[in-house]
Amino acid sequence: MSHPSDNRLLCPRLGLAPPEISLSQFEDEISFFNSVPWTAALLNEADAIPFLPACRTPASDVHDQFFGRTLHNDRGIQHMISIFRISSAAAALDPGQVITEVDTLVYVGSGITGFANVVHGGIVASLLDEAMGCIFDLNIALEKESPTFQTSNVTGALNVTYLKKVPTNSLLLLTAKVEAFNGRKTTIQCQLRDETREVLAKCESTWVGLKSSL
């Protein structure tokens, strides 16, 4: 779920830096992903702007615990950073310019297996879901004018297709892209790929904006 009042996304380049969140969390992730050539190439593209997803900086002991605490360890989702691409910081801060595509890089450890050395299918689905949620977190943090980003949004449907084994102790790239805005519903597609860009899993999802009374 993403909500306008509790977004905690960290993006120093755009001045999004809640004072209670240590900048070192962002810097540590940038350092790790810059140490690997193929992820460093993505981070350092001319139009790329990285940010630390809100799910990694829980607001309390009852918020975002799955990705922020339970999986945030050496054997779970050890590292995570997201990236979006846009022509300039000024364009990113334009309230009328919605961001519709976000990449998320993760390093998955050895403690989230089903079969030996294979990431559990439920974790794969969760990664896809969280990567899509980053689109809402980002647009909410940037105070976009679209009605979609003026309320909480939740996953209404998630249709996952598993294509290949997802190995543990590996770096993965998730790419989430909005296909359509339709009233309170947003349709998003997401792919999970490895270093070679082979698609290991994909999904189609419908997100629903909650009514203000809920």
Side-chain angles (χ1 to χ4, degrees), residues 1-21 23 25-26 29-30 33 41-59 63-64 67 80-106 127-158 173-191 202-214:
M1 176 188 289
S2 299
H3 191 282
S5 65
D6 59 15
N7 189 75
R8 292 169 61 79
L9 180 148
L10 182 59
C11 182
R13 183 173 171 186
L14 299 180
L16 299 175
E20 68 276 16
I21 301 174
L23 184 60
Q25 292 180 252
F26 175 84
E29 299 293 6
I30 293 297
F33 287 108
L42 292 173
L43 280 174
N44 293 288
E45 290 176 349
D47 58 350
I49 298 180
F51 63 94
L52 186 66
C55 68
R56 298 294 266 189
T57 60
H63 291 87
D64 284 317
F67 275 86
M80 184 176 189
I81 199 78
S82 294
I83 308 164
F84 72 102
R85 294 169 181 79
I86 198 163
S87 59
S88 66
L93 295 169
D94 179 353
Q97 190 161 338
V98 170
I99 310 301
T100 59
E101 184 171 340
V102 171
D103 282 343
T104 297
L105 292 166
V106 297
L127 284 167
L128 291 162
D129 185 63
E130 199 64 44
M132 292 184 291
C134 288
I135 291 177
F136 295 92
D137 288 341
L138 178 61
N139 283 285
I140 288 168
L142 293 174
E143 300 181 346
K144 299 302 183 181
E145 295 173 339
S146 169
T148 298
F149 307 116
Q150 306 304 312
T151 187
S152 300
N153 287 268
V154 297
T155 311
L158 186 70
L173 169 64
L174 297 111
T175 300
K177 185 176 182 180
V178 173
E179 295 296 313
F181 295 106
N182 184 14
R184 290 171 49 224
K185 295 183 178 181
T186 304
T187 304
I188 306 178
Q189 293 189 356
C190 190
Q191 292 185 335
K202 63 182 180 179
C203 76
E204 297 180 351
S205 180
T206 300
W207 289 64
V208 181
L210 300 181
K211 295 181 179 179
S212 58
S213 61
L214 297 180

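Closest non-hydrogen pair, S82 versus T104, comes out as OG-OG1, 2.8 Å. Residues L42 and R85 approach most closely at CD2-NH2, 3.7 Å, considering heavy atoms. Across A92 and K144, no two heavy atoms sit closer than the pair O-NZ, 2.6 Å. Closest heavy-atom contact between G96 and E145: CA-OE1, 4.0 Å. The shortest heavy-atom contact between L14 and A89 is CD2-CB, 3.7 Å. Shortest non-hydrogen contact noted between R13 and A48 is NH1-O, 3.2 Å.
Residues I86 and Q97 form a side-chain contact, since some pair of their non-hydrogen atoms from C-beta on lies under 4.5 Å apart. Side-chain contact between V106 and F67 is absent, with no heavy-atom pair separated by less than 4.5 Å. With a 4.5 Å cut-off on side-chain heavy atoms, S146 and N139 do not count as touching. Within the 4.5 Å cutoff, the side chain of T57 has no heavy atoms near those of the E20 side chain. Proximity of D137 to P53: side-chain heavy atoms (C-beta onward) are nowhere separated by under 4.5 Å. Side-chain atoms of T187 and N182, non-hydrogen and from C-beta on, never get closer than 4.5 Å to each other. For the pair L10/P18, a side-chain contact is recorded, criterion being any heavy-atom separation below 4.5 Å from C-beta on.
Here the side chain of S205 pairs a donor or acceptor atom with the backbone of A157 at under 3.5 angstrom.
Atom CD1 of I188 sits about 12.5 Å away from atom NZ of K177, to the nearest 0.5 Å. Interatomic distance, CG of L16 versus CG of L93, reported as 7.5 Å (0.5 Å rounding). One finds the CG atom of D103 at 12.0 Å from the CD1 atom of I81 (value rounded to the nearest 0.5 Å). With rounding to the nearest 0.5 angstrom, the CD1 atom of I140 is 7.5 Å from the CZ atom of F149. To the nearest 0.5 Å, atom OG1 of residue T175 and atom CD of residue Q189 are 12.0 Å apart. Here CG of L174 is found 9.0 Å from SG of C134. Values are rounded to the nearest 0.5 Å.
Applying side chain to side chain contact (heavy atoms under 4.5 Å, CB included) to I135 and the options T148, T186, V102, I99 leaves one that passes, V102.
The 12-atom threshold is not exceeded at CD of E143, counting heavy atoms of other residues, nucleotides or ligands nearer than 6.0 Å.
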